[in-house]
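First comes the structure, then the notes that go with it.
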Amino acid sequence: MEIRKVGVLGCGLMGSGIAQVAAQSGHPTTVLEVSKELLDAGLKRIDQFLSNGVSRGKVRPEEKQATLSRLAGTTDYAALADCDLVIEAVVENLPAKQEAFQRLERTLKPEAILASNTSSLSITEMSVATKRPQRFVGLHFFNPVPLMKLVEITRTIQTDPEVEETVLKFAKGLGKVPIRALDRTGFIVNRLLVPYILDAIRALEEGVGTIVDIDQGMKLGCGHPMGPFTLLDLVGIDTTYYIANIMFDEFRERRFAPPPLMKRMVLAGFHGRKTGKGFYDYASEPPKPNDFLTRS
Ligand code: 3HC
């Protein structure tokens, strides 16, 4: 089966990035949001990313125009009826994802493939809530989607091997490097990344080092492109908190348990870049580290 038309459920940070790379790679792409406001914000993010790419000389102006011309936004599930592949990137919450798939399936053609961009929920649990678990895979992108090369492809014990191969080919066509993972919470990358990130928060709570020093330590000492707190602010402290909770529920191991500070930051709305405040404060450039632990 050839994937031509792509649908994306959700036009947040991940959904907008996925819709952008699909359209940029030549696929007619329709992205769905629950409200016009969220849709407009997501489409604006795509426009800005492409404009930024043009300013950097990475995207040709005509490529930007062609990408936008292949991209449509909608709040109506029926607009996705003729998609060959629909990638779900809604909030990291099982009932919300299951409901989105069920609404989608009311109009979707039977042979279409369903994929979830979940980073921690069970692909099997989502797939069995649909009428096509054999045509269901995990397709996990990384943030920022247009710049990160990796995609994790997850099959379940029910996934048709031909579906997995079709999606693998599709991911390569987006210019990504796919790796295969089994349906285990966190797949490969988050299984290793999440305990590391949570340990960085624990080190901060214990006063081992400051936000800036821990970030510098991992950047310059291990060659990471960004330190754990800069990364947390990019991915979203709320998102990482949900992922950690799901992983803790699955494995019952302390290394996946979100530290108390993280919970309080989520409650207080310190979600990272997207709320202007996280481990750093983004009101000024360069962002300033937050001193909430050392303030007397
Ligand atoms: N359009 C096109 N290209 C662009 C661009 C744009 N809008 N913006 C930047 N670029 C290009 C740049 O020109 C540059 O290209 P070059 O390497 O050829 O010179 C490249 O992208 C890198 O951009 P910058 O130089 O501006 O920025 P950095 O070098 O700091 O890289 C980064 C930015 C790629 C985000 C890098 O910091 C990084 O890799 N960070 C780690 C991100 C990460 O770990 N993500 C995974 C998070 S976990 C996750 O998502 C899983 C989830 O489940 C939680």
Side-chain angles (χ1 to χ4, degrees), residues 10 12-21 23-25 44-61 63-68 87-93 97 115-123 138-154 174-177 179 181 184-198 200-201 215-216 218-220 222-247 256 258 262 266 271-274 278-280 285-287:
L13 218 50
M14 298 302 285
S16 61
I18 297 168
Q20 179 187 322
V21 295
Q24 219 163 349
S25 310
K44 194 170 156 207
R45 191 179 301 117
I46 296 175
D47 195 300
Q48 280 169 348
F49 202 97
L50 289 167
S51 298
N52 191 263
V54 172
S55 314
R56 289 167 176 260
K58 291 283 168 163
V59 178
R60 284 173 288 110
E63 188 187 342
K64 177 187 165 188
Q65 283 322 315
T67 300
L68 293 177
I87 306 165
E88 167 279 316
V90 307
V91 64
E92 197 69 352
N93 170 285
K97 286 181 189 286
S116 172
N117 178 57
T118 184
S119 39
S120 51
L121 292 165
S122 158
I123 301 298
L139 190 55
H140 183 214
F141 291 82
F142 291 80
N143 188 7
V145 177
L147 302 187
M148 301 300 284
K149 280 280 184 193
L150 188 74
V151 178
E152 288 178 308
I153 297 184
T154 303
L174 300 185
K176 303 294 181 197
V177 178
I179 56 173
R184 297 284 180 279
T185 299
F187 315 125
I188 295 172
V189 174
N190 277 341
R191 180 157 186 157
L192 302 177
L193 179 67
V194 170
Y196 153 70
I197 277 184
L198 299 179
I201 304 176
D215 264 357
Q216 286 286 46
M218 294 313 291
K219 232 179 119 171
L220 304 181
C222 293
H224 289 192
M226 48 176 65
F229 298 116
T230 308
L231 182 59
L232 265 161
D233 278 0
L234 174 77
V235 173
I237 294 154
D238 55 336
T239 306
T240 315
Y241 177 70
Y242 297 135
I243 295 172
N245 274 311
I246 294 164
M247 295 186 80
F256 297 109
M262 190 180 204
V266 173
H271 296 179
R273 275 180 185 273
K274 60 184 161 190
F279 287 96
Y280 292 87
E285 191 52 53

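Just so you know, these numbers come straight off a predicted model, no measurement behind them. When a ligand or atom number is given, it counts from 1 through the structure's own listing order.
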Problem - Donor-acceptor contact present, side-chain His271 to main-chain Val266, <3.5 Å - result: yes

Exercise for the section: Could you tell me which atoms of ligand 1, counted from 1 in the order shown, lie closer than 4.0 angstrom to a heavy atom of Gly53? Expected result: 1 (N), 2 (C), 6 (C), 7 (N)

Exercise for the section: Find all atoms of ligand 1 within a distance of less than 4.0 Å from any non-hydrogen atom belonging to Pro144, and give their numbers and elements. Expected result: 35 (C)

Handout entry: Residue part near ligand 1, for Val235, under 4.0 Å between non-hydrogen atoms
Key = side chain

Problem - Sidechain-backbone polar pair: Glu152 side chain, Ala181 backbone, donor-acceptor under 3.5 Å - result: no

Handout entry: Flag: protein heavy atom within less than 4.0 Å of atom 33 (C) of ligand 1
Key = no

Problem - Heavy-atom donor-acceptor pair, Lys58 side chain to Asn52 backbone, under 3.5 Å - result: no

Exercise for the section: Determine, stepwise, if the pair Phe49 / Thr67 fulfils side chain to side chain contact (heavy atoms under 4.5 Å, CB included). Expected result: CA-CA 12 Å; Phe49 202 97; Thr67 300; over 6 Å; no

Practice task
Show which atoms of ligand 1 fall inside a sub-4.0 Å distance from at least one heavy-atom site of Leu193.
Solution key: 48 (S)

Practice task
Using a distance threshold of 4.0 Å (strictly less than), state whether atom 44 (O) of ligand 1 has a protein heavy-atom neighbour.
Solution key: yes

Problem - Side chain Asn245, main chain Tyr241, donor-acceptor under 3.5 Å - result: yes

Practice task
Can you figure out which of Met14, Arg56, Gln24, Lys64 has its heavy atom closest to atom 25 (O) of ligand 1?
Solution key: Arg56

Exercise for the section: Could you tell me whether atom 1 (N) of ligand 1 has at least one protein heavy atom nearer than 4.0 Å? Expected result: yes

Exercise for the section: For Pro225, take its heavy atoms, then give the atoms of ligand 1 lying under 4.0 Å from any of them. Expected result: 36 (C), 37 (O), 38 (C), 39 (O), 40 (N), 41 (C)

Problem - Atoms of ligand 1, numbered as shown, that sit under 4.0 Å from any heavy atom of Leu231 - result: 42 (C), 43 (C), 44 (O), 45 (N), 47 (C)

Problem - Location of contacts on Asn190 toward ligand 1, heavy atoms closer than 4.0 Å - result: side chain

Completion exercise
min-distance protein heavy atom vs atom 46 (C) of ligand 1 -> Asn143 O, 3.5 Å

Exercise for the section: Between Thr240 and ligand 1, find which residue part has any heavy-atom pair under 4.0 Å and reply side chain, backbone, both or neither. Expected result: neither

Exercise for the section: Scan side-chain atoms only and decide if Ser116 and Glu88 contain a donor-acceptor pair under the 3.5 Å cut-off. Expected result: yes

Practice task
Indicate whether the side chain of Glu92 and that of Ser120 have a donor and an acceptor atom separated by less than 3.5 Å.
Solution key: yes

Practice task
Ignoring hydrogens, tell whether any protein atom lies closer than 4.0 Å to atom 20 (C) of ligand 1; use the non-hydrogen atoms only.
Solution key: no

Practice task
Using the six-membered ring wherever Trp is involved, compare the ring planes of His224 and Tyr196 and label them parallel, tilted or perpendicular (cut-offs 30° and 60°).
Solution key: perpendicular

Completion exercise
min-distance protein heavy atom vs atom 49 (C) of ligand 1 -> Phe142 CD2, 3.5 Å

Exercise for the section: Could you tell me whether a side-chain N or O of Asp215 sits under 3.5 Å from a main-chain N or O of Thr230, the two making a donor and an acceptor? Expected result: yes

Exercise for the section: Identify, for atom 4 (C) of ligand 1, the protein heavy atom at the shortest distance, and state residue, atom and that distance. Expected result: Leu147 CD2, 3.5 Å

Problem - Expected output: side-chain Asn117 to main-chain Met14 donor-acceptor under 3.5 Å - result: no

Exercise for the section: Check for a donor-acceptor pair, side chain of Lys176 on one end and backbone N or O of Met148 on the other, with a separation under 3.5 Å. Expected result: yes

Problem - Element-labelled atoms of ligand 1 that are located less than 4.0 Å from some non-hydrogen atom of Met226 - result: 37 (O), 40 (N), 41 (C)

Exercise for the section: Might you check, step by step, whether the distance between atom 28 (P) of ligand 1 and some protein heavy atom is under 4.0 Å? Expected result: no

Exercise for the section: Any atoms of ligand 1 less than 4.0 Å from a non-hydrogen atom of Ser119? List them with their elements. Expected result: 53 (O)

Exercise for the section: Look at ligand 1 and say whether His140 reaches it with a heavy atom at a distance under 4.0 Å. Expected result: yes

Problem - Contact atoms of ligand 1, heavy-atom distance to Lys58 under 4.0 Å - result: 2 (C), 3 (N), 13 (O), 15 (O), 16 (P), 18 (O), 19 (O)

Exercise for the section: Look at the side chain of Lys97 and the backbone N and O of Val90, then say whether any donor-acceptor pair between them is shorter than 3.5 Å. Expected result: yes

Practice task
Return yes when atom NZ of Lys219 has more than 12 non-hydrogen atoms of other residues, nucleotides or ligands closer than 6.0 Å, and no otherwise.
Solution key: no

Handout entry: Phe49-ligand 1 polar pair, N/O distance under 3.5 Å
Key = yes

